[in-house]
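Have a look at the structure below, then the notes.
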Amino acid sequence: MKKFMLLSLIFAAATVAVAKIDLATLPERDVTQLTIYNSADLTLVRDARSLTLKEGANRLQFSWANTLIDPTSLSMLPKAHADKIDVADLSFPPRVQNLGIWNIHSGIGGSVPVEITYLTSGLSWRAFYMGTLTEDEKTMRLEGYVVVNNNSGEDYENAETRLIVGQVNLLDQIAELARRQYPYGRPGVGVPMTQPPAASASGMARAMGGGRGAAMLAMDAVAARPKEVVKEGLSEYFLYTIEGTETIPHTWSKRLPSFETDEIPVVNLYKFEEERFGPAVIRYLSFKNDEDHKLGETPIPGGMLKVYRTVDDRQHLSYEGQSSFKYIPVGQEVELNLGEVSDVIVESKLMDEKTDNYRFDNRGNINGWDRILTYRLEVKNTRRLPVKIEIKRNFPTSYWMIRNLADAAEYYEKVDLDTVKYTLTMEPQSEKTIEYVVTMYEGTRTEDWTRMQPR
């Protein structure tokens, strides 16, 4: 298996030149924990290994060549016999790139578990979802997945994967730190390691916690059943932990299941608004992240949702559309734009246009008038299901009055100063006509409009 990081133990006095030191190969990792942020090119790695130490002075060589590891973030912590092991310092030899040497003084000899912690770049994750509507489109099964991408230069075996939702304020870009010729700009300077270094991202100490570190030394292999996602709130962040461990080689992407929820109540709404969509009718699908919708336990990470519909008893599916969305907090409703449809049609027709009620100034020039427009909206539902349609009409002025013809008033609602809407529920394969007359007041006629308003 390809290996990019070199860890080796050096049994020699500190005065011996690096080129003359005999190296002893270390055991493989026991387990690794990856905490991957989706808002920054940043991953916290906690690498558990068992080191064979001799009593007295030990030197450990660490190379990050061909990786995107930030050497300034390197930290080592003994997980046993901490009172007998002193990680004295980490030095970077002169004229040697991508190499650090830990000086360790051990009061015992034998195998000692340690945790090596660092920040790296090149790992990322994204969420995506599949929604399957029932045949009547009243409920939906929602399946969530995450895809982890590894372009860090390092293979990660037996990795517990933790995903962070939330904004990180970086002081430095990790990828730039990883590519420096010398970590601190000048070679040969030892870095005290008695305490782990401060991370270059706000909130990192919080992410390194979580109560699951002790379990890293006893992780089982990947379970055959679907993995559980453990979710924890971390103040301004939210953490998702995928159950078990995964092996994620360099250049690989891996899809992991996140959750599945059946029978989420949904609302289908078709919208027509010429100024916004042109002559098209756009389909929207909405639901709420709360208990009434069989959700609400945790925020839902932003991603892409592809929507299908069950069309018969044999569970054949039809593709209904897709939409991306942002992070959905608990209790918030999301409305997804599934795109243009052809089976619900709205045609807007201008039937008549005229002017009236002229006003004149003292020179006989027209300085006010009414513009009167008559519209017909022809609405068709060619589907075999009932649909709800929202039609918005925007006026170029806030000085207007509307007169609805026939039964159009029962669908009518004023939205704001220059917008009205008509909301209809259409039976399968049905048609409906809405007609209205709008009078817009121009020039000095706006003064007459103002006097007509109720006080």
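Just so you know, these numbers come straight off a predicted model, no measurement behind them.
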*At what distance, to the nearest 0.5 angstrom, does CG of L34 lie from OG1 of T43?*
7.0 Å
*Student check: side-chain heavy atoms of L373 and V437 closer than 4.5 Å*: no
_Sidechain-backbone polar pair: S63 side chain, N98 backbone, donor-acceptor under 3.5 Å_ = yes
*Is any NZ, NE, NH1 or NH2 atom of the basic residue among R49 and D47 found under 4.0 Å from an Asp or Glu carboxylate oxygen of the other?*
yes
Just distance, no hydrogens or angles: give the donor-acceptor pairs under 3.5 Å from side chains in residues 266-273, sequence neighbours left out.
{"from": "N268", "atom 1": "OD1", "to": "R283", "atom 2": "NE", "distance (Å)": "3.3"}
{"from": "N268", "atom 1": "OD1", "to": "R283", "atom 2": "NH2", "distance (Å)": "2.8"}
{"from": "N268", "atom 1": "ND2", "to": "E137", "atom 2": "O", "distance (Å)": "2.9"}
{"from": "Y270", "atom 1": "OH", "to": "R383", "atom 2": "NH1", "distance (Å)": "2.7"}
{"from": "K271", "atom 1": "NZ", "to": "E335", "atom 2": "OE1", "distance (Å)": "3.0"}
{"from": "K271", "atom 1": "NZ", "to": "E335", "atom 2": "OE2", "distance (Å)": "3.3"}
{"from": "E273", "atom 1": "OE2", "to": "N394", "atom 2": "ND2", "distance (Å)": "3.1"}

*Does M452 offer a backbone N or O that forms a donor-acceptor pair with the side chain of D448 under 3.5 Å?*
no
*Evaluate the ring planes of Y240 and W125, with Trp represented by its six-membered ring, and classify them as parallel (under 30°), tilted (30 to 60°) or perpendicular (over 60°).*
tilted
*Tell me, do V87 and W102 make a side-chain contact under 4.5 Å, heavy atoms counted?*
yes
*Rounded to the nearest 0.5 Å, what's the gap from CD on Q322 to CG on L336? Could you check?*
11.5 Å
*In terms of ring plane angle, is the pair Y129 and F259 parallel, tilted or perpendicular, where the classes change at 30° and 60°?*
tilted
*Does a side-chain heavy-atom distance below 4.5 Å link T261 with L295?*
yes
*Would you check if there is a donor-acceptor pair between the side chains of N367 and T444 at a distance under 3.5 Å?*
yes
*Side-chain contact, heavy-atom cut-off 4.5 Å: L119 with V45?*
no
*asked:* Between N289 (side chain only) and G296 (backbone N and O only), is there a donor and an acceptor less than 3.5 Å apart?
replied: yes
*asked:* Please check if the number of heavy atoms outside L350 that lie under 6.0 Å from its CG is greater than 12.
replied: yes
*Residues K392 and E274 bridged, charged N to O under 4.0 Å*: no
*R371 with E442: basic N within carboxylate O range, under 4.0 Å*: no
*With under 30° as parallel and over 60° as perpendicular, where do the rings of F92 and W64 fit, or are they tilted in between?*
perpendicular
*Does E447 pair with R445 as a salt bridge, N-O distance under 4.0 Å?*
no
*With no hydrogens and no angle check, is any side-chain donor or acceptor of D155 less than 3.5 Å from a backbone partner on H250?*
yes
*Check whether any side-chain heavy atom of I402 sits under 4.5 Å from a side-chain heavy atom of Y412, and report yes or no.*
yes
*Please tell me if the side chains of Y37 and L163 come closer than 4.5 Å, counting only heavy atoms from C-beta onward.*
no
*Hey, mind stepping through E246 and K254 against salt bridge (charged side-chain N to carboxylate O under 4.0 Å, His left out) and telling me if it holds?*
CA-CA 9 Å; E246 298 288 340; K254 197 157 192 178; 3.0 Å; yes
*Are any of the side-chain heavy atoms of S73 and Y118 separated by less than 4.5 Å?*
yes
_Would you say S348 and R393 are linked by a side-chain donor-acceptor pair, where the criterion is simply a distance under 3.5 Å?_
yes
_If you define the side chain from C-beta out and look only at heavy atoms, does anything of F360 sit under 4.5 Å from I366?_
yes
*Take N337 and L285, measure what side-chain contact (heavy atoms from CB on, under 4.5 Å) needs, and give me the verdict at the end.*
CA-CA 7 Å; N337 182 336; L285 183 74; over 6 Å; no
*Just grab all the salt bridge (Lys or Arg N to Asp or Glu O under 4.0 Å) pairs involving residues 426-437, residues at least two apart or on different chains.*
R376-E435, D407-K432
*Backbone N or O of V146 within a donor-acceptor pair of the S258 side chain at under 3.5 Å?*
no
*Taking atom CD of E378 as the centre, report whether more than 12 heavy atoms of other residues, nucleotides or ligands fall under 6.0 Å from it.*
yes
